[in-house]
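Below is one structure, written out as structure tokens; the observations come after it.
This structure is a prediction, so every number in the text was calculated from the model and none was measured. No hydrogens, no waters, no symmetry mates; every other heavy atom, side chains included, goes into these values. In what follows, every chain begins at residue 1, and chains take the letters A, B, ... in the order their sequences are listed.
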Amino acid sequence: MEKRKMIVTDIDYITYEDKPVIRLFGKIKGDKEGQNIIALDGTFEPYLYVMPEGNIEECILQIEDEIEPIRIEKLSKKDFQVKKDFLKVFFKHPQDVPKKRDMLRDLSLVQDLREHDIPFYRRYLIDNDLYPMGVVELEGELIDSFPTIDSNNESLEIMKLDHSPVMFDNAYQNFSILSFDLEVYNPKGMPNADKDEIIMIGAASNTGISKVISTKGEDIDFVETVSSEKEMIESFVKLIKDNNFDIIVGYNSDNFDFPYLRDRAKILGVDLDLGMDGSSLKFLRRGYTNAATIKGLIHVDLYLVMRRYMNLDRYTLERVYQELFGEEKIDVPGDKIFMYWDSDSEELDRLFDYSLDDTVSTLKIAEQTLPINLELTRVVGQPFFDITRMATGQQAEWYLVRKAFEINEVVPNKPTGKDFINRKHESNVGGYVKEPEVGLHENLVQFDFRSLYPSLIISKNISPDVLYHEDDSFDSLVDDEIDKDDYFISPEHHYMFKKSPKGFIPSVIGNVLDERIRIKTAMKKSTDYTEKMMLDVQQQALKRLANTMYGVYGYSRFRWYSFECAQAITAWGRENIKDAMKFAEDYGFYAIYADTDGFYCKYCPDKD
DNA sequence: CAGAAACGGGG
DNA sequence: GTGTACGTTTCTG
């Protein structure tokens, strides 16, 4: 039996002898540092939870008769903090879950199904307490080959695991990053891959690469000149394979660079077998768009990341770069690229500069923004590839799914199409806004609440699992058994939240904020600059996560969606700021402008 | 006016 | 892949 430590950068599963085998892709830590490794784990089984209706033993018999699962276990789980008996029903293959769940739901002794909509690799990470981009310990047998793995990389290790890996270290790791960018001949507006050739491939890395591959530019020092477009792509493929990068980044590369590269490579007969397992570049359907993936080499499309990372009117590479670094980029108008290419003069030189500049700028943006996404990966515990493409509400949700598993709570089901439509019609009132009084004001006093909404969620225990339901309103409450002192009652709608126990989401937000304070304290104490910066990124990631969680109650795809909670938060928020304004007025401060969690006042002691 | 369709980024 | 973005603006009936 062999032991290894590895950084897990990517995860999937394949089917081997009709059973799922999890594949962990990554780099070896310790001896043979940096070498590629694929770990195979065939020990994990797909399952879902059944909430039985009536007699549990009869329910088991009915499921065994009708569905033929491989195994059923009885267990107790909490559902919105209420202990209930559940059946954990195991299947042979992950695809049996969607195949059989409708049949299962229709059984007379089945009340409800839970956790039937969690992708297999995500379930694996959660149940085994593994965090991608961290270091895990492996035990197993090294094997020479395995079906579905066809690599010509001599140093690739394949390890068949005896048992699931154990987390060893979830600390920040350094990763090698390659950025790339294509320039394409485009006489008729946007290029057409059937006709218009690639004229330049820019490549820049945080390991020192900074070049452009092209069929022209012989006398420019950063250009590698080749004799054809085919050789250009082959040289780029070789560059990727030789350097064994962890991450490859582009700008809108999901929708432009990678699809274009695939199309041209196909026409020219070049293999894009860039995967660690020898597989080629693939495209995953994500809604109405595609995501380019390479096994074991994480592709990040920075355009998607930047749209979440900042709030701008436009997200062109030029605009984003200008905003982040305050510098202008070299500009070549997109529709004139073919003219610059044909000019064979200073304009051609300028096009080469532009190509390199786009590539280097993309790398700089990656170096600036990927650390916080790596931290979110470490906290949320889902693959980096997924994190960079997830809406923030989804990041918060997968974090909560993991936290629910840790405290033995079952997770609410994902909303159905019908749920969305219903939820879309529920529109909440936002924060209180007092339109500013027009004019120049002097000697203003500013007041604002520090993280108003997260504080309210915690202090008023706003959570769907502690919301009183039988009677929605306090006004119509006549039940003598209920003591109003046991509840926080929201203004306007009079929703009632139990004071105890602590709600699931308030307790998670509380832990996130406590952890953030702990990190901020450590950051202030630290004298090491690098450590200080790392801790700063960590606390920023936690701040983002906490700030996301107050908005998600109103996010229609959220598993813990609660219109009542969303309404209660903003209603309490409006009440708080109005109370604070009234309080200030008693001391002669008159608000001239207010918005959600803060206001500006003028001091006018004479005004009655 | 409401619901459907288009759009973003990229060259 | 235990699957089908997303939020906003513009168009259309």
Side-chain angles (χ1 to χ4, degrees), chain A residues 12-15 20 44-49 89-102 104 113-124 126-127 180-193 195-200 202 250-261 264 282-293 301-308 311-320 331-341 351 354-355 358 362 386 389-394 401 411 413-414 417 420-421 424-425 551 555-557:
Chain A
D12 71 357
Y13 80 88
I14 49 100
T15 305
F44 192 63
E45 297 174 307
Y47 66 87
L48 54 67
Y49 295 118
V89 181
F90 289 87
F91 295 94
K92 192 169 181 184
H93 196 275
Q95 287 175 356
D96 294 338
V97 177
K99 262 183 215 158
K100 297 194 175 173
R101 70 182 163 207
D102 292 332
L104 206 45
L113 303 182
R114 291 298 182 85
E115 309 203 10
H116 53 80
D117 48 17
I118 296 177
F120 191 58
Y121 68 95
R122 295 202 170 164
R123 178 89 273 169
Y124 180 86
I126 293 167
D127 290 22
F180 83 110
D181 180 47
L182 305 185
E183 305 305 331
V184 171
Y185 195 69
N186 59 337
K188 292 178 185 163
M190 281 309 286
N192 171 357
K195 299 181 207 125
D196 301 326
E197 61 175 356
I198 298 169
I199 52 179
M200 296 178 185
Y251 203 84
N252 202 25
S253 37
D254 269 346
N255 279 300
F256 180 74
D257 300 80
F258 271 128
Y260 210 92
L261 190 66
R264 293 306 297 173
K282 285 194 176 59
F283 292 84
L284 294 180
R285 280 212 82 130
R286 292 179 78 90
Y288 307 111
T289 185
N290 290 323
T293 61
D301 184 342
L302 287 171
Y303 164 63
L304 301 170
V305 174
M306 298 323 289
R307 284 206 341 187
R308 274 206 319 270
N311 190 13
L312 304 173
D313 47 350
R314 291 166 60 74
Y315 295 89
T316 60
L317 179 58
E318 191 183 18
R319 179 79 179 82
V320 164
D331 187 40
V332 170
D335 55 353
K336 297 201 171 64
I337 284 178
F338 75 101
M339 294 200 263
Y340 280 62
W341 175 252
L351 188 59
Y354 168 75
S355 172
D358 264 13
T362 303
D386 295 13
R389 286 170 171 75
M390 260 182 212
T392 53
Q394 292 290 328
V401 171
V411 167
N413 290 328
K414 266 203 295 208
F420 286 150
I421 294 160
K424 286 264 158 68
H425 291 287
Y555 167 50
S556 60
R557 312 185 93 86

[X] near the nucleic acid: base, sugar-phosphate alone, or nothing, with a heavy-atom cut-off under 4.0 Å?
{"X": "A:Phe120", "result": "base"}
{"X": "A:Tyr251", "result": "sugar-phosphate"}
{"X": "A:Tyr354", "result": "sugar-phosphate"}
{"X": "A:Leu48", "result": "nothing"}
{"X": "A:Gly189", "result": "base"}

- Query: Has the side chain of A:Glu183 got a donor or acceptor atom sitting under 3.5 Å from an opposite partner on the base of B:dG11?
  - Reply: no
- Considering only heavy atoms from C-beta outward, does the side chain of A:Asp301 approach that of A:Asn252 to under 4.5 Å? yes
What's the closest nucleotide to the [X] side chain, out of [options]?
{"X": "A:Asp358", "options": "B:dG9, B:dG11, C:dT2", "answer": "B:dG11"}
{"X": "A:Thr316", "options": "B:dG11, B:dG9, C:dT2", "answer": "B:dG9"}
{"X": "A:Pro191", "options": "C:dT2, B:dG11, B:dG9", "answer": "B:dG11"}

- Item | Non-hydrogen atoms of A:Pro191 and A:Tyr260 that approach each other most closely | CB-OH, 3.5 Å
- Note on the structure: In terms of heavy-atom contacts, A:Leu104 and A:Phe91 come closest through CD2-CZ, 4.3 Å
- Message: Using atom P in both nucleotides, what's the gap between B:dG9 and C:dG3 to the nearest angstrom?
- Response: 31 Å
- Item | Separation of the C1' atoms in B:dA5 and C:dA5, to the nearest angstrom | 16 Å
Flag the pair [X] and [Y] as a salt bridge only when some basic side-chain nitrogen lies within less than 4.0 angstrom of an acidic carboxylate oxygen.
{"X": "A:Asp196", "Y": "A:Lys188", "answer": "no"}
{"X": "A:Asp96", "Y": "A:Lys100", "answer": "no"}
{"X": "A:Arg286", "Y": "A:Asp254", "answer": "no"}

- Does A:Tyr13 make a side-chain N or O approach to OP1 or OP2 of C:dT2 shorter than 4.0 Å? yes
- Task: Grab the CD1-C1' distance between A:Ile337 and B:dG10 for me, whole Å please.
- Result: 10 Å
- Euclidean distance, atom CG of residue A:Asp196 to atom P of B:dG11 [Å, nearest integer]: 14 Å
Using atom names, set out every protein N or O paired with an N or O of nucleotides 3-6 of chain C below 3.5 Å, distance rounded to 0.1 Å.
| unit_1 | atom_1 | unit_2 | atom_2 | d |
| --- | --- | --- | --- | --- |
| C:dG3 | OP1 | A:Arg101 | NH1 | 3.4 |
| C:dG3 | OP1 | A:Arg101 | NH2 | 3.1 |
| C:dT4 | OP1 | A:Lys414 | NZ | 3.3 |
| C:dC6 | OP1 | A:Tyr555 | OH | 3.3 |
| C:dC6 | OP2 | A:Arg557 | NE | 2.5 |
| C:dC6 | OP2 | A:Arg557 | NH1 | 2.9 |
| C:dC6 | OP2 | A:Arg557 | NH2 | 3.4 |

- Query: Please walk me through it: do A:Phe180 and A:Phe258 pass ring pair (Phe, Tyr, Trp, His ring centres under 6.0 Å)?
  - Reply: CA-CA 10 Å; A:Phe180 83 110; A:Phe258 271 128; 4.7 Å; yes
